[in-house]
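Worth saying up front: this structure is predicted, and the values here are computed from it rather than measured. Protein chains get the first letters and strands the later ones, always in sequence-line order, with residue 1 at the start of each.
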Protein chains: 2
Amino acid sequence: MSDISDPPARRTLTLRDVSEASGVSEMTVSRVLRNRGDVSEATREKVREAARALGYVPNKIAGALASNRVNLVAVIIPSMSNMVFPEVMGGINAQLEETELQPVVGITDYLPEKEEKVLYEMLSWRPSGIIIAGLEHTDAARAMLQNSGIPVVEIMDTDGTPVDCCVGISHRRAGREMAEAILAAGYRRIGFMGTKMALDHRARKRYEGFVEGLAKGGVELADWEFYEGGSALGKGRELTAAILDRTPDLDFLYFSNDLIGAGGLLLAQERGLDIPGRLGMAGFNGVELLQGLPTKLATIDSCRKEIGREAAKMVMARADGSLPAETVSLTPSLDPGETMRTV
Amino acid sequence: MSDISDPPARRTLTLRDVSEASGVSEMTVSRVLRNRGDVSEATREKVREAARALGYVPNKIAGALASNRVNLVAVIIPSMSNMVFPEVMGGINAQLEETELQPVVGITDYLPEKEEKVLYEMLSWRPSGIIIAGLEHTDAARAMLQNSGIPVVEIMDTDGTPVDCCVGISHRRAGREMAEAILAAGYRRIGFMGTKMALDHRARKRYEGFVEGLAKGGVELADWEFYEGGSALGKGRELTAAILDRTPDLDFLYFSNDLIGAGGLLLAQERGLDIPGRLGMAGFNGVELLQGLPTKLATIDSCRKEIGREAAKMVMARADGSLPAETVSLTPSLDPGETMRTV
DNA sequence: GTATGCTACGTTAGCGCCATCATGCAGTGC
DNA sequence: GCACTGCATGATGGCGCTAACGTAGCATAC
């Protein structure tokens, strides 16, 4: 008796509640809410109305378990503060937008053990596909990817052997091409500046390609500087000051990304150096954010958005079986900006 | 007969497989893998070994359904390319790191309908909590938050009425304080530059607070400029050129964020304007990225990381019932940098 | 009239796991 | 000897949903 006026017992709603409220079976409610199967328009309306009135939100956990289908795509990347990865995410998002699929992000902080942990966690939700940055994984992680039985797309990098599909650019080649362009422009006393890259394999490959490209032209790095922690203008400024003080006759500085490059550029300009005559400079990534600096830094585009889009497409195609394992290597373009002599 | 040599049928593994491989019941395996309940060390080892050998990955979908517990926290934010939000995420991540909880991100693109959709989608996974940016939601979204029965923390902004908990800063007050500081420094011909902010409520509140602050000092905005789309150095440069050409006697420019502010600053310096004597400038956010520009822009810190951390803490505390609904308003500090006259 | 096909539902049997309770079995106290 | 305690493990039921199949009811065909 008393419970008539009790506050609505806050049990969470189920299909049964909607089914009772609308006078049809749970199955029919399920069909209506998923837009599946034959249900008359009259019933559909009745059910939808009841669901709305109750404030019913389906339980995807139960749905996924019953149907063995999950509309999630795991995206595993090293960092969100790198600017590169949010842009890749943008591409993935854009591509998945029109589909049922939803990206779910995991962050590894460039740590292999953490990657392994995050991957395990992600797989335990049985996603429909995995997009994961890089080709270097622990043995256990690689095994998980292989055994997962779902589409795997490794992104960013194509220098290596993918588990399944792969889309990215060759960072080794990007480094080599920059070296060639620098030599072609007549620079000879060349310095390098980048992260301590034990775990950033792509930065390492660019560096290796760069050194190799110089070597082919008979030139060795004149000086170098490695740093730890995030990239920012301040860091580039600081390191550039250090390297220029130490080796004043450098005529080119290659930075492993645009942001520290821009910092270096600002410093060099403050010091009144003739850019690109006396000193040339180049970065990597082609970030848009920096369009607007007084001088445009030479760079190589890393095709971030396109990689994201392509990766999402590959996951979908692989899921419906319309694609064999393949590697797509995009071709980034070198933009000499205003900080390299033109030949 | 023939199937002895068939390739291992790639059914996905279940507890039962591990249980058979290790000779104990499913229940015991479950206990071992979750580190729960009394299981002898000998059995533990046996089970773990079997699970590892098989490459078993638990099915959280089934686990969540059975236990009615999900270790996910939904984080709903407008954008990932705004730099502000990745930093908030950083704070959330840092705080959740040591717990079982995992953030899952949804992006709304500043669109109320999309927010509603994303929220519905998120709730259908029955997360343990929700962190959502802003206090303005559609009626339906607000109802969902209220009915969800889980902790809700609205972040970034405290000017309004939260559904449950809330942590952020008062943007209205931030705008007002900047106005007061500008007037105190003796500037009088003041221009404003910001996004067309129909949907960016926080930018709008800063603007309103700013105008209000000026009004209290008997000053009106001398000129203003609104733009659409993302914020970048280039945009700030362009708009600043326009506003300075149109109203050359401006003696202060207030930008609704640091990035366009920095663009404006670079342009003003190229034009050889005396900063902060002839022209003062200020932005908003206190982004670290820009430390390293030749001149440090005046700004107000938006406490991003702290908001993230606090929000995560509140979700946890609210989940275990140790916290009543509350609003935490952080106090951002104004940094005059080098672009405001000192009084 | 029976056969046939079609639409619009309902019924049943799980999906893989975990909360809960039951159980066996050793050791302990008197 | 018997109850009692504590520990390690097993059996059972069900979380909320959906795939697959079943069927009532009506229309059409001959």
Side-chain angles (χ1 to χ4, degrees), chain A residues 10-48 50-51 54-72 100 121 123-128 148-149, chain B residues 10-48 50-51 54-72 100 121 123-128 148-149:
Chain A
R10 293 302 303 289
R11 220 178 22 78
T12 70
L13 298 165
T14 73
L15 269 191
R16 146 153 263 129
D17 297 294
V18 183
S19 116
E20 281 169 1
S22 55
V24 298
S25 72
E26 295 180 35
M27 196 57 229
T28 300
V29 176
S30 167
R31 279 195 271 250
V32 171
L33 298 180
R34 286 178 299 143
N35 280 313
R36 204 144 310 194
D38 304 311
V39 182
S40 71
E41 195 44 55
T43 310
R44 294 190 106 79
E45 200 36 60
K46 204 167 50 178
V47 169
R48 273 197 283 255
L54 291 172
Y56 173 72
V57 178
N59 184 332
K60 288 222 179 184
I61 295 175
L65 183 62
S67 67
N68 198 27
R69 262 182 281 117
V70 179
N71 70 334
L72 266 23
E100 297 283 73
E121 181 79 13
L123 286 177
S124 73
W125 286 102
R126 303 288 188 263
S128 293
S148 67
Chain B
R10 291 304 303 286
R11 219 177 24 78
T12 70
L13 298 165
T14 74
L15 271 190
R16 146 153 263 125
D17 296 293
V18 183
S19 117
E20 280 169 3
S22 55
V24 298
S25 72
E26 294 180 35
M27 199 54 233
T28 299
V29 175
S30 168
R31 280 196 269 250
V32 171
L33 298 180
R34 286 176 301 142
N35 280 314
R36 204 146 310 201
D38 303 312
V39 182
S40 71
E41 193 46 54
T43 310
R44 293 191 108 78
E45 199 37 59
K46 203 167 52 179
V47 169
R48 272 199 282 256
L54 290 172
Y56 172 72
V57 178
N59 184 333
K60 289 222 179 185
I61 295 176
L65 184 62
S67 68
N68 198 27
R69 261 183 280 117
V70 179
N71 69 335
L72 266 25
E100 297 282 74
E121 180 79 15
L123 285 178
S124 73
W125 286 102
R126 302 290 189 262
S128 294
S148 67

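Atoms CD and CG, from B:Glu26 and B:Asp17 in turn, are 9.0 Å apart once rounded to the nearest 0.5 Å. Expressed to the nearest 0.5 Å, how far CG of A:Leu15 lies from CE of A:Met27 amounts to 8.5 Å. Taking OG1 of A:Thr28 as the start and CG of A:Leu33 as the end, the distance is 10.5 Å to the nearest 0.5 Å.
The two residues B:Arg48 and B:Asn35 have their closest heavy-atom pair at NH1-OD1, 4.1 Å. In plain terms, the two heavy atoms of A:Thr43 and A:Val39 that are nearest each other are CB-CG1, 3.7 Å. Closest of all the heavy-atom pairs between A:Leu65 and B:Leu65 is CD2-CD2, 3.3 Å.
Without hydrogens or angle criteria, A:Ser22 side chain to A:Val18 main chain gives a donor-acceptor distance under 3.5 Å. Of the possible donor and acceptor atoms, none in the side chain of B:Ser19 sits under 3.5 Å from a partner among the backbone N and O of B:Ser25. Under a 3.5 Å cut-off, the side chain of B:Ser124 and the backbone N or O of A:Val57 do not form any donor-acceptor pair. The main-chain N or O of B:Gly63 is found under 3.5 Å from a side-chain atom of B:Ser67 such that the two form a donor-acceptor pair.
Following rounding to the nearest Å, B:Arg69 (CZ) and D:dG16 (P) show an atom-to-atom distance of 14 Å. In this entry the distance linking CG of A:Leu33 with C1' of D:dC17 reads 12 Å, nearest Å. Between the P atom of D:dC17 and the CD1 atom of B:Ile61 lies a distance of 14 Å, rounded to the nearest Å. Per the geometry, NZ belonging to A:Lys60 stands 19 Å off C1' belonging to D:dC15, to the nearest Å.
In this structure, B:Asn59 reaches the sugar-phosphate backbone alone: every heavy-atom distance under 4.0 Å involves primed, P, OP1 or OP2 atoms, never a base. Using a 4.0 Å heavy-atom criterion, one finds that B:Leu15 contacts the sugar-phosphate atoms exclusively.
Contacts between residues 37-47 of chain B and DNA chain C, defined by a heavy-atom separation under 4.0 Å, are absent.
Residues A:Tyr56 and A:Val29 form no side-chain contact, since every pair of their non-hydrogen atoms from C-beta on lies 4.5 Å or further apart.
Rounded to 10 degrees, the angle separating the terminal helix axes of the helix from C:dG1-D:dC30 to C:dC30-D:dG1, each built from five base pairs, is 50°.
Partners of A:Arg44 under the salt bridge (Lys or Arg N to Asp or Glu O under 4.0 Å) rule, at least two apart in sequence or in another chain, do not exist in this structure. Residues satisfying the salt bridge (Lys or Arg N to Asp or Glu O under 4.0 Å) criterion with A:Lys60, sequence neighbours excluded, are B:Glu121.
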Just the atom pairs and distances: protein N or O near nucleotides 10-14 of chain D's N or O, under 3.5 Å.
residue, atom, partner, partner atom, Å
D:dG10, OP2, B:Ser25, N, 2.9
D:dG10, OP2, B:Ser25, OG, 2.7
D:dG10, OP2, B:Thr28, OG1, 2.7
D:dG10, N7, B:Arg31, NH2, 3.0
D:dG10, O6, B:Arg31, NH2, 3.4

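Where DNA chain C meets chain A (any atom under 4.0 Å from a heavy atom), the bounding nucleotides read 5' to 3' are C:dA8 to C:dG16.
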